[in-house]
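Just so it is clear, the model here is predicted, and its values are computed rather than measured.
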Amino acid sequence: MGSGLAFWCPLLHLLLLLVMRVQGISCRKLTELETTHNLMKHMDQRIPAHHSSSHMDHMDPSHMIFFTINDLKVGKTMPIYFPKRNPSKSPRFFPRSEADSIPFSTEELPGLLEFFSFSKNSPQAKAMEDTLRQCEIEPIKGETKFCPTCLESMLDFSHGMLGPNTPFTAVATAHLTNSTTLFQNYTILKEPKEIYAPKMVACHTMPYPYAVFYCHSQQSVNKVYKIELGGEDGDRVDAVAVCHLDTSEWSPNHVSFSVLRIKPGTSAVCHFFAADNLVWVPTSTSV
């Protein structure tokens with residue numbers, strides 16, 4: 001019972017923070033530019049422990065959350081990067097009426113930069129452009145994607161993907177301790193629990209002045225897991241991970257293949273989710 005509360009309370013807190021309305025729209029600034037959140041370009045990643053140190057030395061630490069399905073066993077130790085972001089400082093969702101009134105396209109970027117008082121060469125402008133371009137890229141075969149700019153739109157998209165008569169809920173990674181270490185070795189402490197989800201919607205936070213998520217659903221088979229991890233510094237994480245069993249339609253340039261040293265379609269690709277990302281699954285299949 002205690003572990004369940006520890007898991008759900010941070011998730012409920014996150015959702016409540018996302019729907020809080022913040023006044024002064026034209027004065028909002030991007031305080032955290034996490035461009036590694038551009039899903040198809042820099043999906044949350046990591047390097048499996050069995051790779052050579054020389055290979056790891058040349059990798060961005062933020063890439064170190066990819067792994068293979070064979071790593072899912074008790075006692076397995078892996079170097080994992082978990083970004084530690086304070087939800088109270090993250091951008092909030094706007095109400096739907098407000099979000100729908102603001103253009104969301106690269107064509108409108110000059111006007112948006114003026115609206116948010118960002119110069120065109122600023123880091124904030126680059127982050128906004130990257131987010132807009134990622135949201136406009138055509139989905140791969142078998143994938144449906146959408147970038148909701150309000151909570152209602154996220155729920156509508158998830159409802160459409162999971163089925164009109166299917167109740168659903170969100171699962172998310174929860175940090176059970178207050179460690180500030182971003183990258184360290186973690187060990188799987190208990191048998192990973194599969195959240196049987198014949199359909200799922202993954203939503204990843206994107207850098208923008210207000211809350212924007214990159215949500216997508218794939219026709220191919222995926223597996224969702226909840227994994228209890230223990231870090232070298234005593235950190236405890238109740239992590240959510242997804243394994244994509246069919247990667248044959250993925251770009252050969254996808255960073256996961258260089259991280260794992262595999263080719264498209266040859267192996268399942270798994271990755272952990274940051275705590276401010278959400279995975280929507282049918283209620284009857286959640287744990």
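Put simply, the side chain of K120 never gets that close to the backbone of L109: no donor and acceptor are under 3.5 Å apart. Distance alone, capped at 3.5 Å, places no donor-acceptor pair between the T131 side chain and the M128 backbone. In this structure, T266 contributes its side chain and I262 its backbone to no donor-acceptor pair below 3.5 Å. A donor-acceptor distance shorter than 3.5 angstrom exists from the side chain of T247 to the backbone of G265, with no hydrogens or angles considered. Although no hydrogens or angles enter the test, the distance criterion places a donor-acceptor pair under 3.5 Å between the side chain of K84 and the main chain of T181. Listed for the E191 side chain is no donor-acceptor partner under 3.5 Å among the backbone atoms of K73. Here the side chain of E143 pairs a donor or acceptor atom with the backbone of I140 at under 3.5 angstrom. A donor-acceptor contact shorter than 3.5 Å links the side chain of T173 to the backbone of V240. A donor-acceptor distance shorter than 3.5 angstrom exists from the side chain of H254 to the backbone of S256, with no hydrogens or angles considered. Between the side chain of S217 and the backbone N or O of M200 there is at least one donor-acceptor pair closer than 3.5 Å.
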Is there a salt bridge (charged side-chain N to carboxylate O under 4.0 Å, His left out) between K141 and D246 once you walk through the steps? CA-CA 11 Å; K141 183 179 179 181; D246 182 5; over 6 Å; no
For I227 and I188, what are the C-alpha separation, side-chain angles and deciding distance, and is it a side chain to side chain contact (heavy atoms under 4.5 Å, CB included)? CA-CA 7 Å; I227 306 166; I188 297 179; 4.0 Å; yes
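Side chains of Y186 and D235: a donor-acceptor N/O pair is present below 3.5 angstrom, by distance only. Side-chain contact, S119 with N121: no donor N or O sits under 3.5 Å from an acceptor N or O. For T187 and T77, the side-chain atoms include at least one donor-acceptor pair closer than 3.5 Å. There is no side-chain donor-acceptor pair under 3.5 Å between E136 and S105. For N70 and T68, the side-chain atoms include no donor-acceptor pair closer than 3.5 Å.
For the cysteines C243 and C270, the sulfur (SG) atoms lie within a distance shorter than 2.5 angstrom of each other.
Put simply, SG on C215 and CE on M206 are 10.5 Å apart, with the number rounded to the nearest 0.5 Å. Residue S153 holds its OG atom at 13.5 Å from CZ of F94, rounded to the nearest 0.5 Å.
Under the 4.5 Å side-chain contact rule for hydrophobic residues, I80 and L189 do not share a cluster. Put simply, V201 and L155 are part of the same group of oily side chains (I, L, V, M, F, W, Y) that touch within less than 4.5 Å, one to the next.
Using bins of under 30°, 30° to 60° and over 60° for the plane-to-plane angle, the ring pair W280/F168 lands in the perpendicular bin. Ring planes of F116 and F118: parallel class, angle under 30° (limits at 30 and 60°).
Aromatic rings from F213 and H204 are positioned such that their centres are separated by 6.0 Å or more. Close placement of the F273 and H271 rings is indicated, their centers lying within 6.0 Å of each other. With ring centers used as reference points, Y81 lies 6.0 Å or more from F272.
Using a 4.0 Å cut-off between a side-chain N of Lys or Arg and a carboxylate O of Asp or Glu, K190 and D238 do not qualify as a salt bridge.
No more than 12 heavy atoms of other residues, nucleotides or ligands shown are found within 6.0 angstrom of CD on E114.
Annotation: side chain of E98 is not in contact with side chain of Y210 (no heavy-atom distance under 4.5 Å).
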